[in-house]
Amino acid sequence: MDYVNVDKKWNAYWENNRCHLFNPKHADKKYYVMEMWPYPSGANLHLGHWFNFAPSDTFARYKKMSGYEVFQPMGFDAFGLPAENFAIKTGTHPKDNTLKNITTMERQLRDMGAMYDWDHEVSTCLPEYYRWTQWLFLQLYKKGLAYQKKAPVNWCSSCNTVIANEQVVDGACERCGTPVVRKEMTQWFFKITDYADELLRDLDKIDWPEKTKTMQRNWIGRSEGSEITFALEGRNDGITVFTTRADTLMGVSYVVLAPEKDIVLEITTPECRAAVEAYREETSRASDIDRLSSAREKTGVFTGAYCLHPVSGQKIPVWIADYCLGTYGTGAVMGVPAHDERDFAFAHKYRLPVKRVIRAANGEDDTLPYCAYGVTTDSAPFDGLASAEAIATIQAHLAKEGKGGKKINYRLRDWSVSRQRYWGTPIPIVYCPEHGAVPVPEKDLPVELPYGVNFTPDGASPLRKCETYMNTVCPVCGKPARRDPDTLDTFVCSSWYFLRYPDSHNTQKAFDTATADKMLPVDKYIGGAEHACMHLLYARFITKALRDMGYIHFDEPFASLVHQGLILGPDGFKMSKNRGNVINPDVYVNEYGSDAFRLYLMFRFAFTEGGAWSDDGVKSVVKFLDRIERVVLKSHEAAKKSRKDAITPQDKELAYTLNYTVKSVRQDCENFSFNTAIARMMELVNAMYKYEADKACDYAYLRYVSQELVKLLAPFCPHVAEELHELCGGKGTVFAQSYPVCDEHALVRDQVEIAVQICSKMKGRISVPSDADEETAKALALADPAIVAAIGGAAVKKAIYIRGRLLNLIV
RNA sequence: GCCGCCGUGGUGGAAUUGGCAGACGCGCCGGACUCAAAAUCCGGUGGUAGCGAUACCGUGUCGGUUCGACUCCGACCGGCGGCACCA
């Protein structure tokens, strides 16, 4: 078969007959399959795209043949830094490059032969899309979920922009590897922390890889503990700390504030005040990468102020140290050197007392379960006193006195969304000298991204230099005003695209509520695991926020999620241009056709594992397709030599194999175990050849099996299956056929082979009636000379019989 | 340091979830067809010993549970991923 031309022929057929479009009339049987959309940064589909999209398409086609009305859309995540950086480097415009890349990638995706519904295509960089991203921003703003604050942010000096916490990897920019620095800036944030608890809880409701859920759980970082207030001497306010170790309260020897924490400590001496100011100045310049290293030596200064221990009333010195983070908990912690490694290191350096907490003896203390003994020691005990009851007792005691209580904290921070870059969705906010930040009215959307902008980076937002863009009027008073010069993080664009797809041409709304409620959640979402704490978390947050505003009525965007593995270079390293180990899929597609190539990808690699690239055996799948073609066509032509007499054991055997294959392939498709599904089909083809070689071969039956095989194969090699379907006289597309269903009766055999063990050692196998009970099996085993010999005349004391599998005789 | 995942032939990977380890391929060896090669087809292929039926060993290492462990439990070794001064 000329696989390359067969590709073209059927791609054209599907296109002309509009085979892949979702039919809303059958929405009651909808199945929404979605792949993480590509980023059109390069001009070509790479191997990673193929490994994600081709097997996913096989899954979608399998679902379609199983009776679902499959909706499989495709689009482009088109805004973002790589396109802008490429444009800067080459002196071109990101819009021109991106649109060109989209055209090329779309054509390649069509050539792949995946059944995308191109009528629902979207691209984030088009005003018809980003208009609604801006709408989304305004809804969050109205709801108080988008807010501005001056805050320390992660600044990448190479990308010249702020990046989110999620985009900082090992203290460096996820994209370019430049160490991130702290910078105080006024930025827009989305209040994802409002949903911390629900985002955590609802993980239990969704069918996602456990690994991914764990990553999100850790990222959200729920921590149960206590807030405890240490009164400031001579005042009625105090310092509130957060701790998970309230049981060690009696061991506190100092209290620490984060340097950025603004607490007025009136009683500092001039020397102390100077020291504090110097320390604050010094630490504010330290970058996060320095500050967040656990190996870093702990530093701090004494403020000169004291607070009072909430139980003992003792005077406790107040320190400032940057090992205490201003962004977590209350920005203050209690120092218990005897029970915390970090506190011990600090106390050791500054010669602060180490007080070990032990269980109080009877009569020593009748209010609390623990009391402290002063111990001066160079090695901290760090013993685990913590018990839920002790903590509860202390919390109750503090609560009664109004000095604290139970508190839950989250590690999750609000999502910073402002980017000082050009190629993104403009932020629909106007600054009026009189009215401050004013949202652009929805009727004025989109705020269009101007084309003619000098986007060469110089540390400021490029749009700021575009006067025609910046100068506008205040929507409230009509007087001159300025636009927000920043653009939105591209993750905002991708946080809602699953809602746009089903309703992609709606010019009145971002999406229609009824349509969204009918089509969502996405039934199967397929993409890389690298987005676990970014896109996959943001999309969940946006879904919940839109639900609370009444725009949709479901809680989670992606009911079921699958990650494909990563295909590495032949050297076992991640593919990269620098390393020169990039494999171009086109070479294989042009030589063997897209079906053979996707089949190879699915057969060679476990879908969720991936692995190092190798083309060893790529020809074997071509051989497999050739074998299929030969047996299918031969059985079709020879079918007139039908035997038509009684059913032979050979027929039954082939029927068994066929049905076993059908059952396995269906299960394997559900589990994305495409490699084993293909192995089962290879077994079936081998069985067909064996059957054909036998003189009892009934070609009419073989033709039937061939037809079933073609259907079975269709999701895996759609073009070849169409061609075979047609060559065998089939009408229309093979995808209009139902996927084969297993006939359970064919799987019932009269006789089965079971293993026989003597004292758990394999000694042979015997054939028994498939419904044989233990006694029958035992009798048959004892009639077998080899088994009798192995027993050697000993008495059988016990037998373990697993029907259809094994008999274990204990002697 | 903490959390999670994974270690199976020469090789990619299977194993109905505690029941015949190595499915299906690749590679290799042998054979058929051929003047020859390619293609195709047939057979073999975990290791050790033996002509042989067969025996023993074998899923990172060492223990344990069980009639029975790649699978469950414990300790360790090696690899990967995530988090990392979050109190």
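A note on names: the letters A, B, ... follow the listed sequences, proteins ahead of strands, and every chain is numbered from 1.
Taking the six-membered ring for Trp and thresholds of 30 and 60 degrees, A:Phe597 and A:Trp50 have ring planes more than 60 degrees apart, a perpendicular arrangement. Between A:Phe674 and A:Phe672, the angle of the ring planes goes over 60°, which puts this pair in the perpendicular group of the 30/60° scheme. Between A:His535 and A:His531, the ring planes lie perpendicular to each other; the angle is over 60°, past the 30° to 60° tilted range.
At whole-Å resolution of the value, CG in A:Leu633 and P in B:U40 are 17 Å apart. B:C83 atom P lies 13 Å from atom CG of A:Leu537, rounded to whole Å. For the pair A:Phe603 CZ and B:A14 P, the interatomic distance rounds to 11 Å; values are reported in whole Å. In this structure, A:Lys798 places its NZ atom 11 Å from P of B:U66, rounding to the nearest Å. Protein atom CZ of A:Arg803 is 21 Å distant from nucleotide atom P of B:G18, rounded to whole Å. Rounded to an integer number of Å, the gap from NZ of A:Lys634 to P of B:C41 is 13 Å. A straight line from CZ of A:Phe607 to P of B:C24 spans 25 Å, rounded to a whole angstrom. In this structure, A:Arg411 places its CZ atom 14 Å from P of B:G82, rounding to the nearest Å.
Across B:G44 and B:G82, the matching C1' atoms stand 46 Å from one another, rounded to whole Å. To the nearest whole angstrom, the two C1' atoms, one in B:C57 and one in B:C51, are 22 Å apart. Comparing B:G25 with B:U45, their C1' atoms are spaced 14 Å from each other, to the whole Å. For the C1' atom pair drawn from B:C56 and B:G50, the interatomic distance equals 12 Å after rounding to whole Å. Taking atom C1' in both B:U66 and B:A49, the straight-line distance is 32 Å, to the nearest Å. Atom C1' of B:G9 sits at a distance of 13 Å from the matching atom of B:A14, rounded to the whole Å. When the C1' atom is compared between B:U61 and B:U11, the two are found 24 Å apart, to the nearest whole Å. Between the P atoms of B:A75 and B:C20, the separation comes to 29 Å (whole Å).
Of the candidates B:U40, B:C20, B:C83, the closest approach to any side-chain atom of A:Trp219 belongs to B:C83. Of the candidates B:C85, B:G68, B:A14, the closest approach to any side-chain atom of A:Thr676 belongs to B:A14. Comparing atom distances between the A:Ile810 side chain and each of B:G19, B:C67, B:A87 picks out B:C67 as nearest. Nearest nucleotide to the A:Thr214 side chain, out of B:C3, B:G68, B:A87: B:C3. Distances were taken from every side-chain heavy atom of A:Arg627 (C-beta onward) to each of B:A14, B:C41, B:C85; the shortest belongs to B:C41. Candidate nucleotides B:G19, B:C41, B:A23 were compared by shortest atom distance to the side chain of A:Gln757, and B:G19 ranks first.
The shortest distance between the side-chain N/O atoms of A:Asn686 and the OP1/OP2 oxygens of B:G25 is below 4.0 Å. Between A:Tyr328 and the phosphate of B:A87, there is a side-chain N or O to OP1/OP2 separation shorter than 4.0 Å. At the phosphate of B:G12, neither OP1 nor OP2 sits under 4.0 Å from any side-chain N or O atom of A:Asn675.
Atom-to-atom distance recorded for A:Leu809:CG and A:Lys778:NZ is 7.0 Å, nearest 0.5 angstrom. Between the CG atom of A:Leu249 and the OG1 atom of A:Thr243 there is a distance of 8.5 Å, given to the nearest 0.5 Å. Expressed to the nearest 0.5 Å, how far OG1 of A:Thr299 lies from CG of A:Asp322 amounts to 4.5 Å. Here the CZ atom belonging to A:Arg222 is positioned 10.5 Å from the CG atom belonging to A:Asn409, to the nearest 0.5 angstrom. Rounded to the nearest 0.5 Å, atoms CE (A:Met602) and SG (A:Cys717) are 7.0 Å apart.
At a threshold of 4.0 Å, the pair A:Asp626-A:Lys619 does not count as salt-bridged, since none of the basic side-chain nitrogens sits closer than that to a carboxylate oxygen. A salt bridge links A:Glu297 to A:Lys349: one of the charged nitrogens lies within less than 4.0 Å of a carboxylate oxygen. Taking a cutoff of 4.0 Å between a charged side-chain nitrogen and a carboxylate oxygen, A:Glu210 and A:Arg217 qualify as a salt bridge.
More than 12 heavy atoms of other residues, nucleotides or ligands lie within 6.0 Å of OH in A:Tyr350, so this atom counts as buried by the packing criterion.
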Using a cutoff of under 3.5 Å, can you pull out all pairs of nitrogen or oxygen atoms linking the protein to nucleotides 48-51 of chain B, with atom names and distances?
none

Using atom names, set out every protein N or O paired with an N or O of nucleotides 52-60 of chain B below 3.5 Å, distance rounded to 0.1 Å.
none

Pick out the pairs of N or O atoms, protein on one side and nucleotides 26-33 of chain B on the other, that lie under 3.5 Å.
| residue | atom | partner | partner atom | Å |
| --- | --- | --- | --- | --- |
| B:C26 | OP1 | A:Lys623 | NZ | 3.4 |

Any N/O pairs under 3.5 Å between the protein and nucleotides 77-81 of chain B? List them or say none.
none

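Nearer to the 5' terminus of RNA chain B, by closest-nucleotide assignment, is the contact made by A:Ile754 (compared with the other of A:Ile800 and A:Ile754). Between A:Gly329 and A:Asn218, the one whose closest nucleotide on RNA chain B sits nearer the 5' end is A:Asn218.
Here B:U17 is in the syn range [glycosidic angle within 90° of 0]. Glycosidic conformation, B:G52: anti, with the torsion outside 90° of 0.
Outside the 6.0 Å centre-distance limit, the rings of A:Phe624 and A:Phe603 are not counted as a close aromatic pair. Separation of the A:Tyr689 and A:Tyr691 ring centroids does not fall under the 6.0 Å cut-off. If you look at A:Phe51 and A:Phe607, their ring centroids are closer than 6.0 Å. Ring centroids of A:Phe491 and A:Trp415 are separated by 6.0 Å or more, keeping the two rings apart.
A:Asn808 contributes a side-chain N or O that forms a donor-acceptor pair with the base of B:C67 under 3.5 Å.
Among the duplex regions that RNA chain B forms, those built from at least three successive Watson-Crick or G-U pairs under 3.5 Å are B:1-7 with B:77-83, B:10-12 with B:24-26, B:27-32 with B:40-45, B:46-49 with B:54-57, B:60-64 with B:72-76, ordered by first number.
Taking every heavy atom of both residues into account, A:Arg604 and A:Asp616 meet most closely at NH1-O, 3.4 Å. Considering all non-hydrogen atoms of both residues, A:Ser767 and A:Gln751 come closest at OG-NE2, 3.0 Å.
Shown here are the side-chain contact (heavy atoms from CB on, under 4.5 Å) partners of A:Ala532, two or more places apart in sequence or in another chain: A:Thr212, A:Met215.
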>> side chain to side chain contact (heavy atoms under 4.5 Å, CB included), that's the test. Do A:Arg803 and A:Asp773 meet it? Break it down for me.
In response: CA-CA 7 Å; A:Arg803 185 166 297 202; A:Asp773 61 10; 4.2 Å; yes

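Counting any heavy atom pair closer than 4.0 Å across all strands shown, A:Glu753 reaches a base atom. Across all strands, A:Arg217 comes closer than 4.0 Å to no nucleic acid atom at all (heavy-atom distances).
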